[in-house]
Structure formats: structure tokens, C-alpha cells
Amino acid sequence: MPLMEPYRIKVVEPIPITTRAEREHAMADAGYNPFNLRADQVTIDLLSDSGTGAISAEQQAAGTRGDESYAGARSYYRFREVIADLTSYPHFFPVHQGRAAERILFSALLKPGQVSISNTHFDTTRANVELLGCTARDLPCPEAKNLDGDFPFKGDIDLVQLERILGEPGAGNVGVVVMTITNNGGGGQPVSMANLRAARDICRRYGVPYFLDAARFAENAWLVTQREPGYANVSPREVAEEAFALADGCVASLKKDGIVHMGGIVAMRDPELAKRCELLLIAGEGFTTYGGLSGRELDMLAQGLLEVTDPAYLGARAAQTSHLAQLVADAGVDIVRPPGIHALYLNAGRLLPHLPPRLFPGHALATELYLAGGVRCAELGSLYLGEIDDDGELQRPAPYELVRLAIPRRVYTQSHLEYVAETLAQIAKRPERVPGYRLVESPPILRHFKCRLEQVPADAR
Ligand SMILES: *Cc1c(COP(=O)(O)O)cnc(C)c1O
């Protein structure tokens with residue numbers, strides 16, 4: 001059967017169609033920072049796949065059934081049933097989003113001075129570790145360093161390093177190991193079941209709690225069925241259940257694979273840990289049976305978690321990303337290979353060799369995608385990850401200059417993504433015309449969200 005979206009459209013939302021002059025105006029007003037654009041100035045919004053998915057008719061119906069009782073709402077028990085069935089964890093709490101789950105878990109689990117180890121900490125995960133006076137240490141597998149390599153599980157943790165660190169004297173200082181599935185920081189790459197299992201065995205041997213950051217558990221499961229020997233005939237749902245079963249618990253932003261606009265979860269096996277988490281939950285999020293979410297959201301979430309592991313849905317979503325990856329390759333633009341599911345990462349540094357890192361080539365490409373076609377996306381390069389001094393000068397560049405095209409769930413059709421590829425292809429025909437940027441306002445924290453920039457014309461470089 002040819003690949004196509006396994007749903008039809010029932011409710012539509014017009015998208016703004018703008019002129020180049022309007023976009024130039026809007027971008028200048030936004031200080032050349034896509035985060036400062038208004039959504040009604042954006043034609044195709046690929047800034048994030050978080051909380052941006054389209055809900056189904058069944059989710060809408062479930063939302064209508066939402067029970068807004070303060071305590072013990074029916075919605076909570078429906079949510080409970082779905083989570084218990086999927087994860088096998090005896091204790092779990094709803095939270096408003098992933099970072100709340102991280103704050104609660106780490107506050108209950110870590111003592112100041114301890115270390116958290118991960119394949120790669122997501123940025124809020126790292127922040128929540130560091131805010132407790134702890135250290136976050138990333139151990140991506142060696143294959144992840146080669147952007148062009150086609151190793152199927154570049155999200156894996158480096159098992160040799162993990163074993164070495166946990167075996168060292170003083171390793172009692174490692175308070176948790178967190179496996180991020182898929183590995184968002186590492187380009188949305190999946191983690192194999194073999195790696196999840198081996199890391200679990202090492203953690204068990206040294207008595208270290210082993211948790212998942214499971215924001216994209218279903219997408220990871222799909223890629224396992226496609227890429228890992230022995231899993232071709234296993235359903236994504238069964239793979240997901242197996243992954244959860246391996247760990248001592250999880251944190252998850254359910255704004256991704258929960259396909260809801262807001263929601264998250266923190267879950268665990270240890271009843272004592274659960275008690276400590278529950279206190280933090282009630283103090284900071286809400287009572288045990290709603291944790292910062294409305295009954296409506298809990299019910300929509302329960303339904304979304306049933307839909308997300310449907311092979312027809314996952315297969316079509318993965319095919320959509322692969323199709324875009326092929327069109328991008330045809331346009332002569334390199335990506336982080338192999339393509340994952342939730343996003344494509346464009347190698348802007350390679351496309352724009354005339355721009356040194358200090359002129360932010362990743363940012364330049366992201367800005368150009370907006371100017372050329374109203375496509376909004378985010379830089380993952382020196383502007384976000386580099387070391388920048390108080391005068392806005394780049395002191396240490398990021399290892400790569402990337403641009404992330406994140407793909408919202410069930411929102412855009414194949415023709416929308418073909419439009420994105422065509423916009424990129426136009427830019428790639430004359431990449432030397434893309435101008436660089438310099439910072440004119442650079443707040444000391446959350447720089448990439450709030451900074452303002454100006455164009456550096458070609459003759460001023
Ligand atoms: C989004 C995300 C988070 C944080 O979740 P929020 O819902 O944005 O707070 C944590 N880890 C990973 C891997 C994520 O993708």
C-alpha cells in the first residue's frame with residue numbers, strides 16, 4: 001500500500017500566507033529571532049513537536065467526558081488504567097509537563113554533590129540536576145559523533161564508559177542513570193533494546209537507580225521494530241512495554257508521544273521514593289489525582305497514549321520524516337543521519353561554509369527559511385550551545401552548526417513538507433547569498449529565546 005496519512009481532516013485551521021516583504025518586516029521587528037515572531041506571521045511552524053500535535057476526534061470526545069472533581073476524578077482513574085497497563089509501574093503521578101516530573105524525581109532522589117549519568121540529558125533535565133547542586137554527565141555512544149554515519153542506534157549510551165565510571169572507587173556518588181528515548185539532544189536518534197537492557201544490567205550490578213526519560217517512547221519503539229534484529233515482528237506497543245519494564249521508573253513529557261497540548265508523568269517502583277515524590281507533587285503541582293492537569297486533559301492524554309502506538313500512525317509519521325529527508329538530500333543539503341522521526345537536523349555549517357561560527361550559520365539558515373518561505377525552525381549551533389561573552393562575541397563555537405526542523409504530530413500533510421523542502425532547495429541553489437548575523441542584545445540566561453540580532457552584509461565580513 002502506498003504510504004499516506006492514516007486519517008482524514010475534520011476540522012481545519014487556515015495558515016497565514018505572507019509575502020517576502022511582510023516576512024522581512026516581521027523578522028526585522030523580531031530582532032531576527034524566530035522565537036520573537038508571532039504565530040500568525042508563520043506559514044509552516046517547525047519550531048517544536050512539543051504540545052503542537054493535532055488531537056483526534058476520540059480525544060476530543062474523551063475531553064468532553066473529563067471529570068473536574070477536585071479529588072478522585074473519574075478522569076484520573078481512566079488515566080491510571082492506561083498508564084498502569086503501558087508501564088507496569090505501581091506508583092505514578094500526573095504533572096503539567098516533563099520538567100515538573102524531573103524536578104520532583106531528582107529532588108526526591110538526589111543529594112547535593114551527586115552525579116546523574118545519561119546517554120544525553122535534555123536541557124531541562126540537565127538544569128533540574130544542576131539546580132540541586134548535582135552534576136549531569138552525558139555518555140553518548142562513540143557512533144553519535146559521526147553526523148554522517150548510518151549506525152542505526154546513535155541514541156545508545158556508551159556502555160564501556162558507564163561500566164568504567166560505576167566501577168570506579170567513589171562511584172557511590174552516581175545517584176541515577178537516565179536513558180533518554182529517543183535521544184533528543186543527540187539528534188532524535190533511537191536507543192536499542194539491547195543497549196537499554198545492558199545499561200539496566202550494569203546499573204543493577206552497582207545498585208544505581210535506572211530511569212527513562214520517555215518523552216518519545218513510541219517513536220523509539222517504532223524505530224526498534226524497524227532496525228533491531230529480533231524485533232521485526234514485535235508490535236511497537238509491546239516494545240514500549242518492554243522498555244518501561246526494564247527501568248525502575250520514568251519521567252516523561254507527554255506533550256510529545258502523549259499527543260496532548262499539556263501533560264507529563266513521573267513514575268516509579270520504589271514505594272518510599274513515591275511517598276517523597278507525592279509530597280513534592282502536592283506542594284508544587286497539585287493533588288495526587290490531578291497533579292497540575294485538568295480532568296479534560298487527563299482523559300485526552302489517556303486516549304492519546306492508546307493512539308500513539310498504532311503501527312499505522314507511527315509508520316506514516318516515520319515515512320513522512322523519511323520523505324522530507326529524501327527531498328532535503330535531493331536539494332543537496334546534508335542532515336544528521338540516519339533520519340529519526342520527530343525532527344530532521346540540517347547541517348547548516350556544511351551548507352554555508354562562507355559563514356564562520358561567529359556569524360552563526362545555523363541561525364542564518366533558520367532565519368533564511370523564514371524569509372524565503374515563512375518556515376519557522378530553531379538553530380542548534382553556536383548561538384544556542386556556544387560560549388558567548390558579555391559583548392555578544394563567540395568565544396567557543398558549538399561542535400556543529402545545526403538547524404532542527406521539528407515535525408508536529410498529525411498537523412502537516414505531505415504537501416506542506418514538500419513546500420518546506422522546496423523552500424530549502426531554493427536557498428541551497430545560492431547558499432553564498434545567505435547573510436550572517438551578529439548579536440545586538442544577548443541576555444545572560446536563556447539567550448537563544450530572548451536575544452536580538454542584526455544581519456551582517458557580505459562586504460562587512
Ligand atoms: C520535552 C522534553 C523534556 C521536557 O519536557 P517539557 O514538557 O517541555 O517540560 C524532557 N526530556 C525530553 C527528552 C524532552 O523531549
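As the structure lists them, so they are numbered: ligands from 1, and atoms in each ligand from 1.
Residue-to-ligand polar distances keep F122 apart from ligand 1: every N/O pair is separated by 3.5 Å or more.
Counting heavy atoms closer than 4.0 Å to ligand 1, residue R99 contributes atoms from both its backbone and its side chain.
For atom 7 (O) of ligand 1, the choice among A127, S253, A100 with the nearest heavy atom turns out to be S253.
Judged by distance alone, the side chains of H261 and E297 never bring a donor and an acceptor atom under 3.5 Å apart. Inspection of the Y400 and Y345 side chains reveals no N or O donor paired with an N or O acceptor under 3.5 Å. A donor-acceptor contact closer than 3.5 angstrom is absent between the side chains of Q320 and R410.
With respect to atom 6 (P) of ligand 1, the closest heavy atom belonging to the protein is Q97 NE2, 3.3 Å. Here the protein heavy atom with the shortest distance to atom 11 (N) of ligand 1 is D213 OD2, 2.7 Å. In terms of protein heavy-atom proximity, atom 2 (C) of ligand 1 is nearest to K256 NZ, 2.4 Å.
The ligand atoms of ligand 1 that sit less than 4.0 angstrom from a heavy atom of N184 are 15 (O). In the vicinity of T180, heavy-atom distances shorter than 4.0 Å reach the ligand 1 atoms 13 (C). For ligand 1, the atoms sitting less than 4.0 Å from at least one non-hydrogen atom of R216 are 15 (O), numbered in the order shown with element in parentheses. Close approach of ligand 1 to K255 is summarised as follows: ligand atoms under 4.0 Å from at least one heavy atom of the residue are 7 (O).
A cation-pi arrangement is not found for K111 relative to F106, the charged atom failing to lie both closer than 6.0 Å to the ring centre and inside a 45° cone about the ring normal. Geometrically, R452 does not engage Y32 in a cation-pi contact defined by less than 6.0 Å to the ring centre and at most 45° from the axis.
Screening N183, D213, D138 against T120 for a side-chain hydrogen bond (donor to acceptor under 3.5 Å, both in side chains) leaves a single residue, N183.
Open room surrounds CZ on R396; 12 or fewer heavy atoms of other groups in view lie less than 6.0 Å from it.
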